[in-house]
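Computed from a predicted structure; not experimentally measured. Note: hydrogens, waters and symmetry copies are ignored here, and every other heavy atom, side chains too, is used.
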Amino acid sequence: MRIEQIDLAVVRLPLIRPFQTSSSRKAHLDHILVRVVADGVVGWGECASPSDPFYCPETTETCWHLLHDFLGPMVLGRSWSTIDELVALYGQVKGNGFARSGIETACWDALARSQNLPLHKLLGGERSEILSGVSLGIEADEQALFANIDQYLSEGYRRIKLKIAPGRDVEVVRRVRERYPSIALQVDANSAYTLDDVATLKQLDSFDLLLIEQPLAHDDIIDHARLQAELKTPICLDESIHSAADARKAIEIGACRVINIKVSRLGGLLEARRVHDVCRARGVPVWCGGMHEFGVGRAANVAVASLPGFTLPGDVSGSDKYYHEDVVEPAVLAHDGAIPMFEGPGIGVEPIEDRIRRHTRRAATLRAGA
């Protein structure tokens with residue numbers, strides 16, 4: 001295939017309710033939608049980077065720079081027949097996984113559409129649906145937290161994830177577990193702790209959690225190995241894993257017992273599948289994390305989570321939990337805690353371009369030979 005045109009758009013969608021983590025609070029999200037035209041076939045991708053550098057070093061602005069000034073020019077007018085060949089075209093680019101994921105996912109979509117295949121089939125997926133959990137931000141009001149949990153349990157979601165931070169951890173989890181003694185429950189620290197907090201983190205062992213996600217530094221696996229040896233609860237790594245090689249090393253030194261696969265963090269679906277394969281070969285369960293993606297990225301997440309190693313409910317929930325109106329049809333929705341595979345070609349949903357234009361804050365078009 002040969003990419004003739006790339007359209008970039010920074011699109012802002014307001015969240016239904018603000019989302020608080022240990023490092024930031026968000027009332028809206030700015031994501032970059034990537035539209036490619038390759039051999040006349042249109043494909044869509046999403047760069048779901050945060051706007052601030054608190055989850056990872058990338059931001060919306062850095063991703064725009066990479067897509068507009070490097071990745072786009074490096075693939076325009078170049079021929080490729082597989083995603084491995086595509087990725088090799090910009091192999092010199094180090095890091096910048098969110099930006100790379102945006103362009104790569106758009107090309108996966110175009111490739112699948114050119115073969116009239118659903119993306120999950122092209123990836124080698126085996127599931128007809130995925131199990132869906134929800135991720136809840138830090139709430140100052142305990143009753144508001146309980147109300148949110150009640151709502152999502154009534155809608156059938158299979159797992160509840162709580163964001164935690166120092167001072168908003170053990171007692172919050174204790175009260176949630178007392179009120180909901182049998183639900184599947186996990187917590188996510190987003191790197192808010194150090195080894196000085198081992199005593200606090202060990203208290204979480206009492207609450208029958210599925211896992212504790214990324215308690216220590218975003219770039220660490222050594223201290224996570226020391227912490228895992230102190231805990232009964234499995235540690236799940238998120239921010240620390242950027243490649244299949246990272247996953248292998250973390251597993252080998254005992255830094256984790258679960259890995260969160262985020263397509264954006266890993267630079268695209270190709271590396272996400274490789275991490276899945278590494279973990280599956282070593283008996284380590286994985287689940288699909290999310291970045292509050294719009295429907296484009298959310299549909300791609302559904303597709304990759306069809307791979308057989310995704311044995312835990314993920315963060316890919318219905319878009320109606322976050323947005324009053326998404327930018328795709330049909331909407332990505334959960335039914336009784338599960339999301340069915342999209343069987344149409346490519347990602348299986350269609351971006352609605354007038355909605356995208358209505359919410360676009362910046363746009364650019366790159367053309368081969370221009």
Side-chain angles (χ1 to χ4, degrees), residues 3-15 23-24 26-38 42-78 86-87 89-110 218 239 242 262-271 290-301 322-323 326-328 347 351-370:
I3 299 175
E4 301 118 18
Q5 180 173 313
I6 299 173
D7 299 304
L8 305 174
V10 177
V11 177
R12 172 172 291 182
L13 291 185
L15 289 165
S23 61
S24 65
K26 297 175 172 52
H28 62 262
L29 295 175
D30 293 339
H31 289 175
I32 302 172
L33 294 184
V34 181
R35 178 183 180 271
V36 303
V37 182
V42 173
W44 288 83
E46 179 175 342
C47 176
S49 170
S51 298
D52 52 50
F54 305 142
Y55 167 79
C56 67
E58 291 180 85
T59 68
T60 308
E61 288 299 316
T62 66
C63 289
W64 179 273
H65 172 48
L66 262 289
L67 286 162
H68 186 274
D69 298 332
F70 291 95
L71 297 172
M74 293 172 90
V75 300
L76 275 171
R78 306 285 298 278
L86 170 84
V87 170
L89 296 178
Y90 53 83
Q92 288 178 290
V93 175
K94 304 298 188 292
N96 294 284
F98 280 81
R100 288 188 287 114
S101 178
I103 196 82
E104 191 207 281
T105 303
C107 291
W108 273 105
D109 186 31
H218 74 282
E239 289 95 320
H242 297 276
K262 279 183 181 167
V263 173
S264 295
R265 189 191 73 239
L266 292 165
L269 292 158
L270 185 64
E271 196 65 21
M291 295 297 298
H292 297 150
E293 287 90 349
F294 304 162
V296 172
R298 197 170 294 262
N301 286 345
Y322 298 109
Y323 306 113
D326 204 346
V327 295
V328 303
I347 58 175
I352 308 302
E353 298 201 35
D354 65 333
R355 290 186 199 168
I356 294 170
R357 282 191 293 270
R358 193 178 345 130
H359 294 286
T360 292
R361 301 178 63 81
R362 186 194 319 177
T365 294
L366 307 175
R367 294 186 178 89

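Closest heavy-atom contact between Gly102 and Val34: O-CB, 3.8 Å. Of all heavy-atom pairs between Ala99 and Leu67, the closest is O-CD2, 3.4 Å. Scanning both residues, Ala9 and Trp64, for their nearest heavy atoms gives N-CZ3, 4.2 Å. Closest of all the heavy-atom pairs between Leu15 and Lys26 is CD1-O, 3.5 Å. In terms of heavy atoms, His31 sits closest to Met291 at CE1-O, 3.4 Å. Annotation for Ser264 and Ala48: closest pair OG-CB, 3.9 Å, computed over non-hydrogen atoms.
Here the side chains of Ile6 and Val75 are in contact, with some heavy-atom distance below 4.5 Å. Counting heavy atoms from C-beta outward, Glu353 and Arg35 have side chains that approach closer than 4.5 Å. Side-chain contact between Arg367 and Gln5: present, with at least one pair of heavy atoms (C-beta onward) separated by less than 4.5 Å. Met74 is listed as a side-chain neighbour of Gln92, based on a closest heavy-atom distance under 4.5 Å. Two residues are said to be in side-chain contact when any heavy atoms from C-beta on lie closer than 4.5 Å; Glu4 and Val37 meet this criterion. Contact check for Leu33 versus Pro351: no side-chain heavy atoms found under the 4.5 Å cut-off. Looking only at side-chain heavy atoms (C-beta outward), Leu29 and Leu13 stay at 4.5 Å or farther from each other. Counting heavy atoms from C-beta on, the side chains of Trp44 and Val328 never come closer than 4.5 Å.
For Glu61 and Arg362, the salt-bridge test passes: some basic side-chain N is under 4.0 Å from an acidic carboxylate O.
For the atom pair SG of Cys107 and CG of Leu270, the computed distance is 12.0 Å after rounding to the nearest 0.5 Å. With rounding to the nearest 0.5 Å, the separation of CZ in Phe98 from NZ in Lys262 is 7.0 Å. In this structure, the separation between CD on Glu104 and CG on Asp109 is 12.0 Å, given to the nearest 0.5 Å. Rounding to the nearest 0.5 Å gives a distance of 8.0 Å between CG of Leu366 and CG of Asp7. Atoms CZ and CD1, from Arg357 and Ile352 in turn, are 10.5 Å apart once rounded to the nearest 0.5 Å. Between Ile103 atom CD1 and Leu66 atom CG the span is 11.0 Å, to the nearest 0.5 Å.
Between the side chain of Glu58 and the backbone N or O of Cys63 there is no donor-acceptor pair closer than 3.5 Å. Between the side chain of Arg355 and the main chain of Asp326, a donor-acceptor pair closer than 3.5 Å is present. Put simply, the side chain of Arg265 never gets that close to the backbone of His242: no donor and acceptor are under 3.5 Å apart. With hydrogens and angles disregarded, a donor-acceptor distance shorter than 3.5 Å links the side chain of Thr105 to the backbone of Ser101. Under a 3.5 Å cut-off, the side chain of Glu46 and the backbone N or O of Glu293 do not form any donor-acceptor pair.
If you run side chain to side chain contact (heavy atoms under 4.5 Å, CB included) between Asp52 and each of Pro50, Ser49, Cys56, only Pro50 comes through. The side chain to side chain contact (heavy atoms under 4.5 Å, CB included) test with Trp108 singles out one residue from Leu86, Ile347, Val263, Leu269, and that residue is Leu269.
Between Tyr323 and Phe294, a ring centre-to-centre spacing shorter than 6.0 Å is recorded.
Aromatic ring pairs are classed by plane angle as parallel below 30°, tilted from 30° to 60° and perpendicular above 60°; the pair Tyr322 and His292 is tilted.
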